[in-house]
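Residue numbers start from 1 in every chain, and the chains themselves are labelled A, B, ... in the order their sequence lines are given, proteins ahead of strands. For clarity, every value in this text was computed on a predicted model and none was experimentally measured.
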Number of protein chains: 2
Amino acid sequence: MTRQHNGAASHISRHSLHDAIVGRLRDLIIEGELAQGERIFEAPLCETLGVSRTPLREALRSLASEGLVELVPQRGARVRHFSVKDVHDMLVLIRSLEELAARLACESAGEHDIAEVRELHDRMMAFYRDGNRLDYYKTNQQIHTAIVALSDNEPLIQTHASLQARLKRIRFIGHDGPELWAAAIAEHEAMMTALERRDAQALTAAIGEHLGNAWERVRDMV
Amino acid sequence: MTRQHNGAASHISRHSLHDAIVGRLRDLIIEGELAQGERIFEAPLCETLGVSRTPLREALRSLASEGLVELVPQRGARVRHFSVKDVHDMLVLIRSLEELAARLACESAGEHDIAEVRELHDRMMAFYRDGNRLDYYKTNQQIHTAIVALSDNEPLIQTHASLQARLKRIRFIGHDGPELWAAAIAEHEAMMTALERRDAQALTAAIGEHLGNAWERVRDMV
DNA sequence: CCAACGTATAATGTATACATTATGCATTCG
DNA sequence: CGAATGCATAATGTATACATTATACGTTGG
């Protein structure tokens, strides 16, 4: 008989246990179930996740490289604690990365790709009008990721994603007041029109301002 | 009374086997002993390094997160292969990172720190005059790392280090002709004077040009 | 002769057992 | 009574054994 997975891509993800654990732990950290600075004991977590220590430890190594976990030799793992300065520095870096991505995107992005970002933007606006905070937030993140993806620069995309992941937890907590929320919407509008005109100068400025303000939005939550 | 590990750093590195393996493998890859795209079999490597599979596998996870190793589920590890585009994209990103670092460094770096970079620069010049290629190259790298360190932005420093590590192998192969070598020296001179004048504009421009040219220097070696 | 299947082998993935190191508590000495 | 020390406990680090999956090769049927 033919193998279970034939030509048509049925299920690509031959669910790797490693990735599953990494994903699960990442969620636990982002949702705050594992608090900042909290010690991570292997044995109880193994019990909870139903896996043995070996794959769990490998997952912790991965998360440590991602910067979400701190691994001290002979002293185990901790959920990494981010200081106010850490968050600020990450935002400064992300801003620079997205500005670079903006320049590259205006050069290399195809019409179709830009249209997809527009679609995300419109969807986000709909969530905004409906007052759907969670989906608004998620789509917002997706837009930033999508613009970076337009740069067609894999190392840049990876680096950005890693930093974005570290900040997710902070942003998850941050419940911006409605006034800041509205400002962010306006900034996104500016980004969108600049992108569609492929105006690198304007797009870079818009993203720069947007992420500069992002610091104001989250600085009090850290 | 006073803790055993007081201000003076006695012996920080309680030599972690993990870090030792990671370092060793990194060297093997950089020096080309493990070729690009080459399959990494765990068992023989364990024999060679004299360790068991467990810590070796954890080390491979770390290197995978660093981007030096490619890990495919159920199909093992490979030394990651970098295409011409990959190298180009990494240089574009590194350039942007160092430009950012340059701006931050001009704001926050102390006189003493800048003096240390000057010292590195002078030492590099000495190696250049002596025709000591290897130490010249190493010191060159150290200068770039040192300037980024002046930014006082930990995420930036980490990101830069990771990318720098991935490129080390390429640069290790690249034996620039003397004419390009001389040009690099001149560019470094410009960087140094700009840094000492804390002229962010000039430093950014110098670094940008330097890394733009870096692409020309390595593009044929990939 | 070619193609497809099945089996043997070897590699990776996971679990468990063992070794080493850190940590907390009780005890004892100053 | 306080501080230091030693032991018990528990955690991490490492090795090994077992399970699963991929791969290569020989075989067989068309």
Side-chain angles (χ1 to χ4, degrees), chain A residues 1-7 9-25 28-29 34-35 37-65 68-81, chain B residues 1-6 10-25 28-29 34-35 37-65 68-81:
Chain A
M1 300 95 183
T2 60
R3 308 287 283 266
Q4 194 69 1
H5 56 295
N6 53 13
S10 42
H11 54 119
I12 299 97
S13 78
R14 325 250 291 86
H15 56 295
S16 150
L17 181 56
H18 175 81
D19 293 346
I21 298 178
V22 168
R24 183 101 184 73
L25 287 181
L28 287 178
I29 292 173
L34 292 171
E38 181 179 327
R39 177 73 179 278
I40 300 176
F41 293 102
E42 297 173 359
L45 246 184
C46 289
E47 193 91 2
T48 304
L49 302 179
V51 298
S52 76
R53 285 179 58 211
T54 310
L56 174 65
R57 284 175 59 85
E58 291 185 8
L60 287 174
R61 289 280 178 209
S62 291
L63 288 169
S65 295
L68 281 171
V69 162
E70 195 181 8
L71 233 47
V72 183
Q74 307 289 5
R75 297 186 136 207
R78 291 186 172 280
V79 179
R80 181 143 161 219
H81 169 82
Chain B
M1 276 325 198
T2 60
R3 314 283 283 269
Q4 191 67 3
H5 56 297
N6 52 12
S10 43
H11 57 113
I12 299 99
S13 83
R14 327 252 288 85
H15 59 295
S16 147
L17 180 58
H18 174 81
D19 293 346
I21 297 177
V22 169
R24 183 99 182 75
L25 286 181
L28 287 176
I29 293 173
L34 291 171
E38 181 179 328
R39 177 74 180 277
I40 300 177
F41 294 102
E42 297 173 359
L45 245 184
C46 289
E47 193 90 5
T48 305
L49 302 180
V51 298
S52 78
R53 285 179 58 212
T54 309
L56 174 65
R57 284 174 59 84
E58 291 186 8
L60 288 174
R61 289 281 180 207
S62 291
L63 288 169
S65 295
L68 280 171
V69 162
E70 196 179 8
L71 231 48
V72 184
Q74 308 288 6
R75 296 186 135 207
R78 289 187 173 280
V79 179
R80 180 141 162 221
H81 169 82

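Residues Ile29(B) and Leu68(B) come closest through the heavy atom pair CD1-O, 4.1 Å. Smallest separation of non-hydrogen atoms from Ala59(A) and Leu25(A): CB-CD1, 4.5 Å.
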Its contact letters, B for base, S for sugar-phosphate only and - for none at protein heavy atoms under 4.0 Å, make nucleotides 10-15 of chain C read -SBBBB
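Within 6.0 Å of the CZ atom in Arg78(B), the count of heavy atoms belonging to other residues, nucleotides or ligands exceeds 12.
A salt bridge links Glu58(B) with Arg61(A): the closest approach of a Lys/Arg side-chain nitrogen to an acidic carboxylate oxygen falls below 4.0 angstrom.
Within the structure, every pair that satisfies the salt bridge (Lys or Arg N to Asp or Glu O under 4.0 Å) test and touches residues 38-53 of chain B, not counting sequence neighbours, is listed here: Glu42(B)-Arg53(B), Glu42(B)-Arg57(B).
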